[in-house]
There are 2 protein chains.
Amino acid sequence: MSIQLPLITDPLLQDEIERNGKIKVFEPGQTIIEPGQYIKMVPIILEGAVKVMRTDEEGHELFLYYIESGETCAVSLTCCSTSDPSDIKAVAEEKTTVIGVPVRKHEEWTNEFRQWKDFVAMTYQKRFQEMLKAIDDIAFKRMDERLLKYLIVKSKQLNTLELTMTHQQIASELGTSREVISRLLKQLEKRKLVELERNRVYVRDNLAGLLEDIDR
Amino acid sequence: MSIQLPLITDPLLQDEIERNGKIKVFEPGQTIIEPGQYIKMVPIILEGAVKVMRTDEEGHELFLYYIESGETCAVSLTCCSTSDPSDIKAVAEEKTTVIGVPVRKHEEWTNEFRQWKDFVAMTYQKRFQEMLKAIDDIAFKRMDERLLKYLIVKSKQLNTLELTMTHQQIASELGTSREVISRLLKQLEKRKLVELERNRVYVRDNLAGLLEDIDR
DNA sequence: AAGCCAATGTGACAAGAGTCACAGACTTTT
DNA sequence: AAAAGTCTGTGACTCTTGTCACATTGGCTT
């Protein structure tokens with residue numbers, strides 16, 4: 001099996017990754033990294049998507065961003081180099097195939113392969129910007145806006161208008177309580193932007209089109 | 001004049017930085033970078049401190065973190081590589097001396113000097129963690145806690161218990177309104193943690209000692 | 001000293017979000 | 001079919017924060 005990463009075309013580097021990486025498959029919902037764990041591998045997502053969240057001491061969670069296929073995780077890059085434990089939690093959002101690269105190789109390749117260096121730089125850049133976006137949302141937006149955006153992003157992410165999840169799950173990811181989400185979803189339903197069923201939020205297509213406005 | 005950076009001891013690299021960098025001095029309060037500006041230089045702080053803030057479209061500000069002497073700015077590192085405009089605002093907090101290094105040199109050194117590469121990695125790592133801390137504060141803490149922490153961090157930062165600033169300035173940095181800060185400061189005064197005067201907040205020493213608890 | 005302006009203090013109110021309690025509705029288990 | 005468990009809907013209340021209005025204070029200018 002050959003590795004296909006849009007940003008890595010150098011056959012030598014591809015070969016290196018294939019020979020040194022360990023492939024792992026995670027089922028939807030499976031936790032990949034938890035806060036406090038040490039990271040020994042730099043994971044590159046081959047297929048699927050990973051949800052990255054911040055958690056606080058009291059168990060509150062907060063969705064930060066997705067890592068999609070072809071991307072890697074900035075936190076692991078930084079944690080590795082200093083061998084600090086992880087600050088974040090990562091959960092497979094879909095069935096996800098990951099290739100884990102030993103830290104040592106990452107350091108080697110940074111010296112040897114221009115493309116690897118660019119890949120790493122790109123990753124930092126992208127994650128930084130997503131963190132900034134997350135901060136904007138949390139600091140400056142109200143929960144209804146955040147919920148709306150969350151639903152749209154998630155439905156794009158999973159490429160479906162049918163989101164199978166409970167209000168409680170949504171609430172956790174947005175760092176609020178179930179009742180708040182129930183109420184806000186009900187409002188969205190009244191505005192004909194979603195349809196609600198048990199364990200399911202159906203994103204109506206007039207909402208799905210709004211992404212551009214919201215994502216800026 | 002010779003450059004003193006704790007993380008850069010390689011004399012060859014020091015020499016390179018000295019020969020290729022341009023030194024600039026910023027007065028306290030002077031804006032170094034504003035959102036939308038393009039960054040052509042990687043700034044390394046030689047002396048002083050720089051305050052990094054996020055801003056939204058409506059002019060709200062939000063303090064993210066300080067860059068202190070010996071450090072560089074992760075945003076500029078990422079912005080440079082992609083020549084995107086800045087997402088953030090940076091203001092000199094004290095009188096600050098900066099040496100600006102051309103982007104091209106940064107790329108060169110990444111290949112040539114192990115120490116430069118480590119320096120850059122360190123920077124990313126540190127900024128990432130500060131962003132996460134900022135997110136924690138915004139998402140999970142109330143304004144009174146944030147204010148307390150802000151005062152302590154600022155007083156450590158400037159190495160003084162006398163903070164010369166108005167309530168409005170504090171409010172801006174915490175992304176709230178002047179009245180809220182006035183009220184909360186008054187509460188802190190009642191709790192004997194600060195003393196208030198026009199244009200001045202005096203951080204009492206029983207408060208200053210709290211940093212460890214708060215910063216985790 | 002009078003006037004002015006920026007900074008601060010404060011009460012009153014509104015909006016958003018979090019919490020509690022509890023009622024239904026739907027599923028799964030027994 | 002009954003019971004148990006999960007999920008959702010909702011009213012009532014509280015807390016925090018934001019906003020408006022206005023009074024007061026301190027310091028500077030003229």
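Just so it is clear: chains get the letters A, B, ... in the order the sequence lines come, proteins before strands, and each one is counted from 1. It should be emphasised that the depicted structure is a prediction, and the values quoted were computed from it without experimental measurement.
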Could you check which of C/dA7, D/dA21, C/dA17 has an atom nearest any side-chain atom of B/Glu179?
D/dA21
Given D/dT17, D/dG9, D/dT19, identify the nucleotide with an atom nearest to the side chain of A/Ser182.
D/dG9
Rounded interatomic separation in angstrom, taking [atom1] from [X] and [atom2] from [N]:
{"X": "B/Asn199", "N": "C/dG9", "atom1": "CG", "atom2": "C1'", "answer": "15 Å"}
{"X": "A/Arg142", "N": "C/dA15", "atom1": "CZ", "atom2": "C1'", "answer": "9 Å"}
{"X": "A/Glu197", "N": "C/dA25", "atom1": "CD", "atom2": "P", "answer": "16 Å"}
{"X": "A/Arg200", "N": "C/dT27", "atom1": "CZ", "atom2": "P", "answer": "12 Å"}
{"X": "B/Gln187", "N": "D/dT17", "atom1": "CD", "atom2": "C1'", "answer": "12 Å"}
{"X": "B/Lys186", "N": "D/dT24", "atom1": "NZ", "atom2": "P", "answer": "15 Å"}
{"X": "A/Glu195", "N": "D/dG9", "atom1": "CD", "atom2": "C1'", "answer": "18 Å"}
{"X": "A/Gln168", "N": "D/dG9", "atom1": "CD", "atom2": "P", "answer": "14 Å"}

Flag, side chain of B/Glu130 to backbone of B/Arg127, donor-acceptor distance under 3.5 Å
no
Where the side chain of A/Gln169 meets the backbone of A/Thr166, is there a donor-acceptor pair that is under 3.5 Å apart?
yes
Under a 4.0 Å threshold between the charged nitrogen and the carboxylate oxygen, would B/Glu93 count as salt-bridged to B/Lys154?
yes
May I ask you to decide whether B/Arg200 forms a salt bridge with B/Glu195, counting only side-chain N to carboxylate O separations under 4.0 Å?
no
A/Ser177 near the nucleic acid: base, sugar-phosphate alone, or nothing, with a heavy-atom cut-off under 4.0 Å?
base
On a heavy-atom basis, the closest approach of B/Pro35 and B/Lys89 is CD-CB, 4.0 Å
What pairs of nitrogen or oxygen atoms, one from the protein and one from nucleotides 25-30 of chain D, lie under 3.5 Å apart?
| residue | atom | partner | partner atom | Å |
| --- | --- | --- | --- | --- |
| D/dG26 | N2 | B/Arg198 | NH2 | 3.4 |

Phosphate OP1/OP2 of D/dT6: any A/His167 side-chain N/O under 4.0 Å
no
Tell me whether the rings of B/Phe128 and A/Phe128 are parallel (<30°), tilted (30 to 60°) or perpendicular (>60°).
perpendicular
Examine the side chains of B/Glu197 and B/Tyr202 and answer whether a donor and an acceptor come within less than 3.5 Å of each other.
no
Which residue lies more 5' along DNA chain C, comparing B/Arg178 with B/Arg183 via nearest heavy atoms:
B/Arg178
